[in-house]
Amino acid sequence: MTTGRLADLVAASDALADEPGRNEKVRIIVEALLAAGDRADLAARYLAGDPPQDRLEVGWAAVRDADTAPAEDASLTLDDVDAALEVLATAGGPGSRGARMTALNGLLARATSAEQAFLRHLVMGEMRHGASAGMVAKGIAKAADVPETVVRRALMLSADLGEVATLALTGGRPALEAVGLVVGRGVQPMLASTTESVTEVVEELGTAVVEWKLDGARIQVHVDGEDVVVFTRNLNDITSRSADVVAAARALPMQQAILDGEVLAMGTDGLPWAFQDTMSAFSRDEGERPALSPFFFDLLHVDGEDLIDQPLSARRQRLTALVPDHLRIPSVIVEDAAAGEAVAVESLDRGHEGVMVKALDAPYAAGRRGKQWRKVKPVKTLDLVVLAVEWGSGRRQGWLSNIHLGARIDGPDGQPEFVMLGKTFKGMTDAMLEWQTARFLELETHRDQRAVHVRPEQVVEIALDGVQTSRRYPGGVALRFARVIGYRDDKSPAEVDTLDTVRALGGLPPR
DNA sequence: AGGTCCGCGTC
DNA sequence: ATCGGAT
DNA sequence: ATCCGATGACGCGGACCT
């Protein structure tokens, strides 16, 4: 077996970028995997923009500052790249920034200019060649001549694209089918799609589980006797920062389990902390860290028995039998919309984010964002004014894209002034991008490196999930998940929402 | 000792 | 995280 | 139905700068 050459993978990446068709992209990936020799695992992970090293600690600034003349000839192998990334990942302590720059420059010096471009994307973790883990999974299936469903299943359970690539190409279908649920190894968590109303989903499903949606961090907890491992949604191992969760899990009355849940900080008043405060506690090292409370809502395995293929109704029963009420997220089986809406009202009254609505008969579809689970959160709207706009990149190149949003403060002379609350690029169709590019160039006052600044005249209606306190923005608040609903040509800037209105949305006093 | 920038990870 | 576009 | 890319806000720890 030979080790793959970087140049071949780079050629595949360039071909992917040029090729819009998904079938053809998969074909390119198949060739790249087969050309990678015994490092198909690296080829798969690199194409997906996800090298195996934990944290490279190299980002946009390091890539910007790296400046090395390219090599004339291609010589790098995938193993060479892997070794260099290992150096990046293991550098630490004083002087590590310099060591990392040296290693990065050293790698780039051995790369041709095409390879340099590829490596810059790779270390940033974003290939942007129009194919990622999903396409690579299809490619693995095709390269190994195995049904895609078999690859998907192995991928859900092992969550390691490189391992699955190797298994598929060396062991074929039997090797993939041998991948099972293992207590202690992360499983891709099941995801939810978004819906506007509980009623709509309950009417569609007939019978549904409606469950409070808590605003914390997703956790997957693996229990094996005294051994407990805690993973986040992205399967990062946070066991060492999860003493509270570990303690709660150890006290459960079984030997082995895989639990799905959410962790957050709860106040003594029974209300959940603001998300950013939960995250502060969650991210802090041991010491004066506030307590975090786990709440579970699903059970994937218990004492040797896999439950992921069983319907939610069965998993829910097993969970209820195992986990005491105070460690479970409240949920109700409803048969009609009104009962579902009542659960949502109660959840919001208790300070939570909204509800999840789930199909009772659905198995645990690891890694999928299906219609079996929907999240429902209330949407707020504001009328704001555009203060500046940033040029887009990628498919938005040439368009003014990311808009800076302002709320109104009435100045001492009665003239409105505006304070920035955040930015958004979401919710814009291509037609809107086209329109706003022309519109904001008309309103331009000046520009800097980042943005085109405009006269504050264009009103925009914004949807958001809520507000959060901000140290960055001058009004002391920022918008959470802001997206454009549409431009309001019927409103003048003097009519946009005031800073105090926005602050009140977050329960903050006027200022 | 304190402040800033960066990278990363949560949503 | 959310959203729109493309396949 | 899926997949992808464009980019949002926050907070933390660590390296580096003053």
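Quick note on labels: first sequence line is chain A, next is B, and so on, each numbered from 1.
In this structure, A/H129 places its NE2 atom 19 Å from P of C/dA6, rounding to the nearest Å. Nucleotide B/dG9 holds its C1' atom 11 Å from the CZ atom of A/R233, rounded to whole Å. A/N234 has its CG atom 8 Å from the C1' atom of B/dT10, to the nearest Å. Protein atom CG of A/L264 is 12 Å distant from nucleotide atom P of B/dC11, rounded to whole Å. At whole-Å resolution of the value, NZ in A/K375 and C1' in C/dT2 are 9 Å apart. Between A/E57 atom CD and B/dG9 atom C1' there is a gap of 11 Å when expressed in whole angstrom units. As rounded to whole Å, 14 Å separates atom C1' of C/dA1 from atom CG of A/L479. Whole-Å rounding puts the A/M356 CE to C/dA1 C1' distance at 14 Å.
For A/R233, the salt bridge (charged side-chain N to carboxylate O under 4.0 Å, His left out) criterion is met by no residue, not counting sequence neighbours. With sequence neighbours left out, A/T232 forms a side-chain hydrogen bond (donor to acceptor under 3.5 Å, both in side chains) with no residue at all. Take A/D430 and apply the salt bridge (charged side-chain N to carboxylate O under 4.0 Å, His left out) test, not counting sequence neighbours, and it matches A/R395. Residues satisfying the side-chain hydrogen bond (donor to acceptor under 3.5 Å, both in side chains) criterion with A/D14, sequence neighbours excluded, are absent altogether. Listed by chain and residue number, A/K213, A/K377 satisfy the salt bridge (charged side-chain N to carboxylate O under 4.0 Å, His left out) test with A/E353 (two or more places apart in sequence, or in another chain). By the salt bridge (charged side-chain N to carboxylate O under 4.0 Å, His left out) test, A/R447 pairs with A/E444, sequence neighbours left out. Residues satisfying the side-chain hydrogen bond (donor to acceptor under 3.5 Å, both in side chains) test with A/D349, not counting sequence neighbours, are none.
Across all strands shown, A/K377 has heavy atoms under 4.0 Å from sugar-phosphate atoms exclusively, and none from any base. Among the heavy atoms of the strands, none lies under 4.0 Å from A/N23. A/R369 comes within contact range of no nucleotide atom at all, as no heavy-atom separation falls under 4.0 Å. A/K25 comes within contact range of no nucleotide atom at all, as no heavy-atom separation falls under 4.0 Å. When heavy atoms are screened at a 4.0 angstrom cut-off, A/T429 is found touching the sugar-phosphate backbone but no base atom. Among the atoms of the strands shown, only primed sugar atoms or phosphate atoms (P, OP1, OP2) are found under 4.0 Å from some heavy atom of A/A217. Residue contacts shown for A/G98 are limited to sugar-phosphate atoms, with no base heavy atom under 4.0 Å away. A/V484 comes within 4.0 angstrom of nothing in the nucleic acid, heavy atoms only. Among the atoms of the strands shown, only primed sugar atoms or phosphate atoms (P, OP1, OP2) are found under 4.0 Å from some heavy atom of A/R483.
Side-chain N or O atoms of A/E346 include none that pairs as donor or acceptor with a backbone N or O of A/W212 at under 3.5 Å. A side-chain donor-acceptor contact under 3.5 Å links A/R100 to the backbone of A/A91. A donor-acceptor pair is defined here as one N or O able to donate and one able to accept, closer than 3.5 Å; no such pair exists between the side chain of A/S283 and the backbone of A/S280. Judged purely by atom type and a 3.5 angstrom limit, A/E211 has no side-chain atom pairing as donor or acceptor with the backbone of A/V357.
Every pair passing side-chain hydrogen bond (donor to acceptor under 3.5 Å, both in side chains) that includes a residue from residues 259-268 of chain A is listed here, sequence neighbours excluded: A/R218-A/D260, A/D260-A/Y364.
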Show me the protein contacts with nucleotides 3-6 of chain B, counting only N or O atoms at under 3.5 Å.
from  : atom 1 : to    : atom 2 : distance (Å)
B/dC6 : OP1    : A/R64 : NH2    : 3.4

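With C1' as the reference atom, B/dC11 and D/dT7 are 14 Å apart, rounded to whole Å.
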- Message: Using the rule given for side chain to side chain contact (heavy atoms under 4.5 Å, CB included), can you reason through A/L47 versus A/L16, listing the C-alpha separation, both sets of side-chain angles and the distance that settles it, and then say yes or no?
- Response: CA-CA 10 Å; A/L47 287 173; A/L16 286 170; 4.1 Å; yes
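Between A/Q436 and A/Y487, the side chains place a donor N or O and an acceptor N or O closer than 3.5 Å (distance only, hydrogens not considered).
A salt bridge does not link A/D500 with A/R511: none of the charged nitrogens is closer than 4.0 Å to a carboxylate oxygen.
Within residues 390-406 of chain A, the residues having any heavy atom under 4.0 Å from DNA chain C are, by residue number, A/R395. In the region residues 273-297 of chain A, proximity to DNA chain D at under 4.0 angstrom, judged on heavy atoms, holds for A/Q276, A/S280, A/S283, A/R284, A/D285.
Mapping A/R472 and A/E126 onto DNA chain D by nearest heavy atom places A/E126 closer to the 5' end of the strand. With the nearest nucleotide of DNA chain C identified for both A/F481 and A/P20, A/F481 has the one nearer the 5' end.
Close approach of DNA chain D to chain A, defined as any atom under 4.0 Å from a non-hydrogen atom of the protein, starts and stops at D/dA1 to D/dC16.
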